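Chain letters run A, B, ... following the sequence lines, proteins first, then strands; residues in each count from 1. In this text, all values refer to a predicted model and were calculated from it rather than measured experimentally.
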Amino acid sequence: MDNVLGRDLISDLPQSIIETILTKLPIRDTVRTSILSTKWRYKWANLTHIVFDDKCGTLCNDKGPVKDNLFYSYYPCSKSQILVFGRRIQRHMSRKYSTFGCYISVAMYMTDDIAEHFEQSSSCNFAKFLGGVPCLERLIGHIYFTKYLSIGIQLGKPPITYSHLKVVELYQVSFEDMEEILVVLRLIVNSPSLEELQISGSSNVSAATEASDLDFGGKEYPTDCTFRLLKTVKMTDMSGVLHEMEFIKFLLRNSPVLKIMSITPSVYVTDYRINMLIELLRFRRASSDAEITFIQD
Amino acid sequence: MASAPENEKNASAPEKKTLTLKSMINNEEFVVDEHVALQSVTIKNMVDSDCAGDVIPVPTISGEILALVIEYCKNHANPSASEDDLKKADAGIVAKDIYTLIDLVLAANFLDIKGLLEVTSQKIADSIKDLPHQDVREIFGVENDYTPEEEAAVRAEHDWAFEGFP
């Protein structure tokens with residue numbers, strides 16, 4: 001592998017080739033290329049798909065058909081990495097995505113230790129992460145992402161309106177955590193173009209049941225809100241706890257063009273299913289076309 | 001009934017179309033079956049738009065590299081090759097020195113052969129994985145034009161990535 005001639009073999013390759021090579025490296029090595037020379041300082045930063053895995057991950061370039069998409073999978077291994085990548089992602093997003101429509105998919109995997117560390121940082125992650133992307137069109141948040149956004153969330157007026165956001169998918173949302181519910185509410189209430197919403201609950205039923213008497217009388221739900229374009233809602237892994245049902249009730253009451261509300265109970269919930277159905281029947285629906293489907297495995 | 005064997009013969013050995021690829025670096029020519037060559041999106045586009053004559057000139061790619069590319073395409077056009085066979089064959093093709101690998105990745109990029117681009121890039125990445133950046137500079141002949149202060153600043157920005165490296 002020795003380069004006996006000493007000429008630069010790689011710095012002037014087409015950027016697409018360099019990106020392909022960088023995506024094959026562990027993320028640590030990809031980041032380290034920034035020190036090779038001034039030409040290399042920001043080459044890695046153009047990659048738009050960051051996958052953190054248990055070996056610190058790899059970066060991928062955008063393979064999607066649509067340009068300006070952004071995919072993040074976040075698997076932080078240490079606190080310092082979290083901070084570095086938190087900053088990096090924010091800078092990256094505000095530089096590249098503040099004016100274009102974009103599509104963000106984020107997965108975060110945290111240990112309790114790291115989640116705790118997050119909670120100690122006082123600033124509002126929602127504003128930091130989503131404050132700079134008014135043109136967001138589609139948001140997919142996997143495990144822990146809603147939790148991440150909920151840290152430091154402040155009540156009051158949200159920073160921006162997501163007038164292009166049409167599709168929101170959030171997975172493993174804990175309805176026993178008030179702040180996570182606030183994240184979801186803040187996001188959808190400020191997305192007047194929302195057409196499709198998909199949420200999966202956290203399957204941790206015991207925690208959910210215990211927490212069902214949280215102080216949450218529905219006062220956090222805005223009363224003057226209408227989802228003018230919301231047509232499809234899919235709720236999966238529902239355990240039927242109060243806060244989930246309140247949330248479904250809120251959507252049904254305020255979505256005049258809703259076509260489908262599909263609800264899939266968690267596999268761990270068996271006895272409670274009938275209670276969920278009875279409760280669902282009572283909810284008022286703003287859309288006379290709305291079909292409620294209860295999907296049993 | 002007499003014509004049956006002839007029909008069979010026609011069915012089992014249809015006339016194979018071939019294309020001639022010519023390296024414009026050393027004028028070496030390669031005759032390959034069309035379906036083999038069409039794995040290159042660049043060549044496919046030329047053929048589809050009737051831009052391909054009897055001989056397709058391939059600029060900037062030497063005969064040596066073109067032979068490797070064709071070997072790759074032949075392997076991957078063989079319907080009876082198992083995934084395992086292909087993996088082994090790919091590993092053989094990319095078991096080359098760094099100069100050949102760089103030429104090969106450029107050829108794969110120019111001819112738009114995604115699979116070859118992937119395996120070649122992977123091989124290049126594997127060859128620098130876990131190495132200190134000083135070694136990476138040496139392997140690729142990258143000249144360090146940072147001032148010591150700038151270099152320290154870049155390093156400090158991503159200190160976690162450099163943990164354990166000189």
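- Between Y146(B) and I35(A), the closest heavy-atom pair is CE1-O, 3.4 Å.
- Proximity to chain A (any heavy atom under 4.5 Å) is shown, for D130(B), by both the backbone and the side chain.
- Within the model, atoms CG of D29(A) and NE2 of H133(B) stand 12.0 Å from one another, a figure rounded to the nearest 0.5 Å.
- Here the closest heavy-atom approach between residue K24(A) and residue A125(B) is recorded as CB-CB, 3.4 Å.
- Remark: the backbone N or O of T38(A) is paired with a side-chain donor or acceptor of D145(B) at under 3.5 angstrom.
- Considering only heavy atoms from C-beta on, L106(B) comes within 4.5 Å of P14(A) through its side chain.
- I10(A) touches chain B through backbone and side chain together, each having a heavy atom under 4.5 Å away.
- Atom CD1 of residue I124(B) and atom CG of residue L13(A) lie 7.0 Å apart, to the nearest 0.5 angstrom.
- Taking NZ of K114(B) as the start and OG1 of T20(A) as the end, the distance is 8.5 Å to the nearest 0.5 Å.
- How far OG of S34(A) is from CZ of R155(B): 10.5 Å, rounded to the nearest 0.5 Å.
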Go through V136(B) and L36(A) one step at a time and tell me if the side chain to side chain contact (heavy atoms under 4.5 Å, CB included) criterion holds.
CA-CA 8 Å; V136(B) 178; L36(A) 293 177; 3.9 Å; yes
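- In this structure, chain A has a heavy atom under 4.5 Å from the backbone of E143(B), while its side chain stays farther away.
- Side chain of R7(A) to backbone of V142(B): no donor-acceptor contact under 3.5 angstrom is found.
- Across L25(A) and K129(B), no two heavy atoms sit closer than the pair CD2-CA, 4.1 Å.
- F165(B) CZ to R32(A) CZ: the interatomic distance, rounded to the nearest 0.5 Å, is 3.5 Å.
- Between I102(B) and L9(A), the shortest heavy-atom contact is CG2-O, 3.8 Å.
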